[in-house]
Amino acid sequence: MEAKLTNCRQCGKLFMAQRGDKICPNCIEEQAKLEIVVVDYVRDHPKCKIPEIIQETGAPEMLIRRLIDEGRFVQSGIKFSYPCRKCGKEIFSGQYCEDCLNEMQEGLQSATAKVAENAEAAAAARGRGMYSRDLQKPAAK
């Protein structure tokens with residue numbers, strides 16, 4: 001894969017992007033250092049909330065959310081609670097609480113069933129010649 005000259009999304013400097021990099025090597029290094037600071041802070045303050053982490057470490061919320069999504073706190077043995085992305089209930093892993101996961105799964109199953117019903121109805125209609133391509137023009141008089 002060839003390198004491409006692009007601007008860093010974080011600092012704006014030009015750099016040669018490899019493998020679809022979005023930020024420059026300097027910002028990657030700074031971000032890695034900040035990740036360590038955040039993980040250490042959460043380890044020392046396991047009952048802290050995201051706004052407190054932002055205030056105390058200077059880390060952007062996006063970085064903290066990414067660490068949560070990647071399971072970095074769980075991998076580090078830290079029991080850290082944060083809000084469900086849908087309802088705000090406190091959770092310890094994943095992005096959604098059990099109730100919201102169940103609700104979304106039920107919605108998906110319901111939508112899948114409706115798609116299947118519509119497909120069956122369409123197949124039945126085709127069998128009865130109800131689509132215009134199946135109709136023939138009347139003979140001319």
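Nothing here was measured: the structure is a model prediction, and the numbers come from that model.
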> Please walk me through it: do Glu30 and Ile28 pass side-chain contact (heavy atoms from CB on, under 4.5 Å)?
Replying inline: CA-CA 6 Å; Glu30 290 301 314; Ile28 289 172; over 6 Å; no
### Task
For residues Ile50 and Pro83, determine if any side-chain heavy atom of one lies less than 4.5 Å from a side-chain heavy atom of the other.
yes
When Leu67, Ile64, Val38, Ile78 are each screened for side chain to side chain contact (heavy atoms under 4.5 Å, CB included) with Arg72, the one that passes is Leu67
- Message: Donor-acceptor pair, distance only, cut-off 3.5 Å: does the side chain of Ser110 make one with the backbone of Glu106?
- Response: no
Rounding to 0.5 Å, atoms CG (Asn26) and SG (Cys11) come to a distance of 7.0 Å
inquiry  = According to a hydrophobic-cluster definition based on side-chain heavy atoms being under 4.5 Å apart (Ile, Leu, Val, Met, Phe, Trp, Tyr only), do Ile54 and Val42 belong together?
reply    = yes
Within the 4.5 Å heavy-atom criterion, are Glu56 and His45 side-chain neighbours or not? no
- Query: Do NZ/NE/NH1/NH2 and the carboxylate oxygens of Glu90 and Lys49 come within less than 4.0 Å?
  - Reply: yes
Using the rule that Ile, Leu, Val, Met, Phe, Trp and Tyr join whenever any side-chain heavy atoms are under 4.5 Å apart, tell me whether Leu63 and Ile23 fall into a single cluster. no
message = Are there over 12 heavy-atom neighbours, none belonging to Arg43, within less than 6.0 Å of that residue's CZ?
response = yes
Hey, any chance Ile68 and Tyr96 share a hydrophobic cluster, counting ILVMFWY side chains that come within less than 4.5 Å of each other, even indirectly?
no
Do other residues, nucleotides or ligands put more than 12 heavy atoms under 6.0 Å from the NZ atom of Lys86? yes
The reported gap from OH in Tyr82 to CZ in Phe73 (rounded to nearest 0.5 angstrom) is 9.5 Å
Does some side-chain heavy atom of Met16 sit less than 4.5 Å from a side-chain heavy atom of Leu5?
yes
Note: Gly12 and Asn7 closest approach over all heavy atoms is O-ND2, 2.8 Å
Rounding to 0.5 Å, atoms SG (Cys84) and CG (Leu101) come to a distance of 7.5 Å
Nearest heavy-atom approach of Ile53 to Thr57 is O-OG1, 2.6 Å
One should read off an interatomic distance between Asp21 CG and Phe15 CZ, to the nearest 0.5 angstrom, of 5.5 Å
Query raised in the report: Tyr41 and Glu52: side-chain donor and acceptor closer than 3.5 Å?
Result: yes
Any Lys4 side-chain heavy atom under 4.5 Å of Gln18 side chain: no
When rounded to the nearest 0.5 Å, the distance separating CD of Glu35 from CD of Gln31 is 5.5 Å
- Message: Between Asp99 and Glu103, is the side-chain contact (heavy atoms from CB on, under 4.5 Å) condition met? List the steps.
- Response: CA-CA 6 Å; Asp99 294 337; Glu103 182 183 317; over 6 Å; no
- Under 4.0 Å between a Lys/Arg side-chain N and an Asp/Glu carboxylate O for Asp69 and Arg66? no
SG (Cys100) and NZ (Lys89) are apart, to the nearest 0.5 Å, by 8.0 Å
